[in-house]
There are 2 protein chains.
Amino acid sequence: MLTASEENYLKAIFHLAGKSKRPVSTNALASALQTKPASATDMIQRLSKKGLVSYHKYKGVTPTSGGNKLALQVIRKHRLWEVFLVQKLRFNWDEVHEVAEQLEHVESEQLIEQLDKFLGYPKYDPHGDPIPGADGSMAPLPSTTLAMLQPGDKCRVICARDSSSDFLLFLDKLHISLGAAIEVLDKFEYDGSFSIRVDEALPITLSSKAAENIYVEKT
Amino acid sequence: MLTASEENYLKAIFHLAGKSKRPVSTNALASALQTKPASATDMIQRLSKKGLVSYHKYKGVTPTSGGNKLALQVIRKHRLWEVFLVQKLRFNWDEVHEVAEQLEHVESEQLIEQLDKFLGYPKYDPHGDPIPGADGSMAPLPSTTLAMLQPGDKCRVICARDSSSDFLLFLDKLHISLGAAIEVLDKFEYDGSFSIRVDEALPITLSSKAAENIYVEKT
DNA sequence: TTTTATTTTTAGTCTTATCTAATTTTATTA
DNA sequence: TAATAAAATTAGATAAGACTAAAAATAAAA
Ligand SMILES: [Mn+2]
Ligand SMILES: [Mn+2]
Ligand SMILES: [Mn+2]
Ligand SMILES: [Mn+2]
């Protein structure tokens with residue numbers, strides 16, 4: 001088992017390496033974790049001994065396939081907790097990170113699987129980032145906005161594209177929350193506005209500007 | 001701020017000292033935490049320096065008023081998480097402790113207040129232990145069983161008195177879960193059995209033996 | 001009231017995770 | 001290419017939290 005610190009480093013290496021798995025420099029890692037390069041080197045060597053990262057002195061570090069898998073599981077936990085905090089505990093979009101950063105280290109297979117179920121197996125976190133499955137698989141980044149839908153289409157809200165607090169406050173006023181089920185009733189060509197139904201409530205009107213800033217997945 | 005280890009020790013001292021605040025011996029503390037007496041002494045001295053416990057060499061240790069307050073806050077978090085695990089994530093009564101033991105150390109005022117709200121401000125945990133309020137106040141131990149109620153009475157399920165897995169499985173079959181709202185419809189004097197309604201569902205019959213083993217609070 | 005047993009504390013060691021300061025390697029520039 | 005700057009590593013220190021073994025204090029028994 002990994003310590004919280006090891007998990008944080010592994011996750012940071014995973015993120016910094018990106019899709020192309022380019023080597024992560026010691027300085028970049030240290031600065032991402034708000035620590036010193038010497039500490040990063042220490043931890044890199046420890047993770048390397050455990051076979052979780054591939055490391056060549058002065059040449060940077062990348063996750064191994066084993067490290068990759070573990071990093072994805074930590075990210076899975078982090079993002080599921082973020083969904084919980086926003087959808088169930090009514091945290092704001094920008095208040096969840098710190099807390100999820102702690103919760104992600106709680107160790108219990110059962111906990112995370114039941115949480116996933118409780119949340120309805122969400123595919124995206126409140127920032128629109130895909131949630132890895134138990135097997136490490138991930139949905140593609142969200143690309144459909146509410147504005148792309150046609151009357152009769154149904155969808156679920158993933159996240160806001162424009163995550164300014166103004167916009168989020170606006171969504172809150174309309175009771176459009178993360179994970180809300182939306183049905184497109186009508187689209188008015190005149191100004192591109194929509195008539196929609198949110199979570200079985202009475203129909204409301206939404207401007208094209210707002211619709212373009214809401215990422216959804218069709219259901 | 002306290003480390004997880006400090007919180008665990010403080011909580012154990014609080015529990016072992018009991019209501020009468022009798023001094024806790026080093027051996028008792030070590031054995032409660034499954035560690036060695038030398039480690040317990042170490043930690044006792046650390047907590048003493050922080051003013052959280054009152055300590056006299058060879059004479060045992062008790063929480064100070066400050067330590068008491070902090071211990072109650074950790075217990076509050078522990079028990080609220082236990083309620084969450086059982087009521088929301090469908091954990092069994094006896095599966096929650098380990099996980100709550102980890103979750104209790106997550107640090108966020110907002111998290112615990114929102115969780116409390118989300119759970120409907122429960123007064124008891126799944127083991128029937130009262131949950132301290134944010135101010136440290138606690139409800140008395142549960143004393144009312146379902147069997148004590150009369151037709152027309154309404155209540156909420158606190159916990160099982162007999163927490164054998166047989167009985168818990170039986171309750172599960174009847175869809176009587178922790179926190180369930182129960183209405184007593186009728187009481188049959190012939191055998192002491194009850195007709196009750198659980199969470200607005202169709203009426204069911206409950207034996208006197210079962211009713212005597214369910215602790216409730218009247219609503 | 002000595003002697004013996006138990007409990008508790010102290011002394012010294014280990015691991016994890018951090019830091020600063022010094023050194024080494026790599027990259028840049030003249 | 002040689003000098004300099006930047007990045008990375010190593011050396012050495014510290015703190016938390018655990019351990020074992022030894023010493024000291026207290027409790028129980030003879
Ligand atoms: Mn973290
Ligand atoms: Mn996120
Ligand atoms: Mn704990
Ligand atoms: Mn409990």
**Request:** Starting at atom CD of E6(B), determine the distance to atom P of dA15(D), rounded to an integer number of angstrom.
**Result:** 15 Å
**Message:** Tell me whether K88(A) forms a cation-pi arrangement with F118(A), defined as NZ or CZ under 6.0 Å from the six-membered ring centre and within 45 degrees of its axis.
**Reply:** yes
**Request:** Let me know the distance between CG of L33(B) and P of dC19(D), rounded to the nearest Å.
**Result:** 10 Å
**Complete:** Contact check, residues 50-60 of chain B vs DNA chain D, heavy-atom distance under 4.0 Å, returns Y58(B)
**Prompt:** Watson-Crick or G-U wobble partner for dC14(C), using a 3.5 Å limit on both distances?
**Reply:** dG17(D)
**Message:** Between E113(B) and R76(B), does any side-chain N to carboxylate O distance fall below 4.0 Å?
**Reply:** yes
**Request:** Look at the side-chain N and O atoms of T26(B) and state whether any lies under 4.0 Å from the OP1 or OP2 oxygen of dT9(C).
**Result:** yes
**Request:** Would you indicate which nucleotide in dT10(D), dT20(C), dG17(D) comes nearest to any side-chain atom of Q45(A)?
**Result:** dT10(D)
**Fill in**
Only one of T41(A), T62(A), I13(A), T64(A) passes side chain to side chain contact (heavy atoms under 4.5 Å, CB included) with Y55(A), and that residue is T41(A)
**Message:** Determine whether a donor-acceptor pair (N or O, by modelled atom type, separation under 3.5 Å) exists between the side chain of Q73(A) and the backbone of A134(A).
**Reply:** yes
**Message:** R90(B) vs E95(B), test: salt bridge (Lys or Arg N to Asp or Glu O under 4.0 Å). Steps then yes/no.
**Reply:** CA-CA 10 Å; R90(B) 318 289 333 191; E95(B) 297 171 329; over 6 Å; no
**Complete:** In whole angstroms, the gap separating P of dA22(C) from NZ of K36(A) amounts to 16 Å
**Request:** Compare side-chain N and O positions of S5(B) against OP1 and OP2 of dA18(D) and report whether any pair is under 4.0 Å apart.
**Result:** yes
**Request:** Would you mind telling me which of dA18(D), dT9(D), dT8(C) lies closest to the side-chain atoms of N27(B)?
**Result:** dT8(C)
**Asked** Does a side-chain N or O from T3(B) land closer than 4.0 Å to OP1 or OP2 of dG17(D), or not?
**Response** yes
**Request:** Working to the nearest 0.5 Å, report the span between CZ of R156(A) and OH of Y124(A).
**Result:** 13.0 Å
**Request:** Look at S39(B) and dA18(D) and indicate whether a side-chain polar atom (N or O) is within less than 4.0 Å of OP1 or OP2.
**Result:** no
**Request:** Look at the rings of H127(B) and W93(B) and say which category their plane angle falls in: under 30° parallel, 30 to 60° tilted, over 60° perpendicular.
**Result:** perpendicular
**Prompt:** How far apart are the closest heavy atoms of Q102(A) and H105(B), and which atoms are they?
**Reply:** OE1-O, 4.2 Å
**Nucleotide of dG17(D), dA21(C), dA8(D) approaching A38(A) most closely (side-chain heavy atoms)** = dA21(C)
**Item:** D42(B) CG - dA16(D) C1' separation (whole Å)
**Value:** 10 Å
**Message:** What I'd like to find out is whether the side chain of D116(B) reaches to under 4.5 Å of the side chain of I112(B), using heavy atoms alone.
**Reply:** no
**Asked** Of the candidate nucleotides dT9(C), dG17(D), dT18(C), which contains the atom at the shortest distance from the side chain of M43(A)?
**Response** dT18(C)
**Message:** Working to the nearest 0.5 angstrom, can you tell me the gap between E82(A) CD and L103(A) CG?
**Reply:** 10.0 Å
**Message:** Give the residues of residues 7-16 of chain A touching DNA chain D, defined as any heavy atom closer than 4.0 Å, sorted by residue number.
**Reply:** none
**Value in whole Å for how far the P atom of dT16(C) lies from CG of L47(A)** = 12 Å
**Asked** Out of dG17(D), dT9(D), dT18(C), which nucleotide sits closest to the side chain of R46(B)?
**Response** dG17(D)
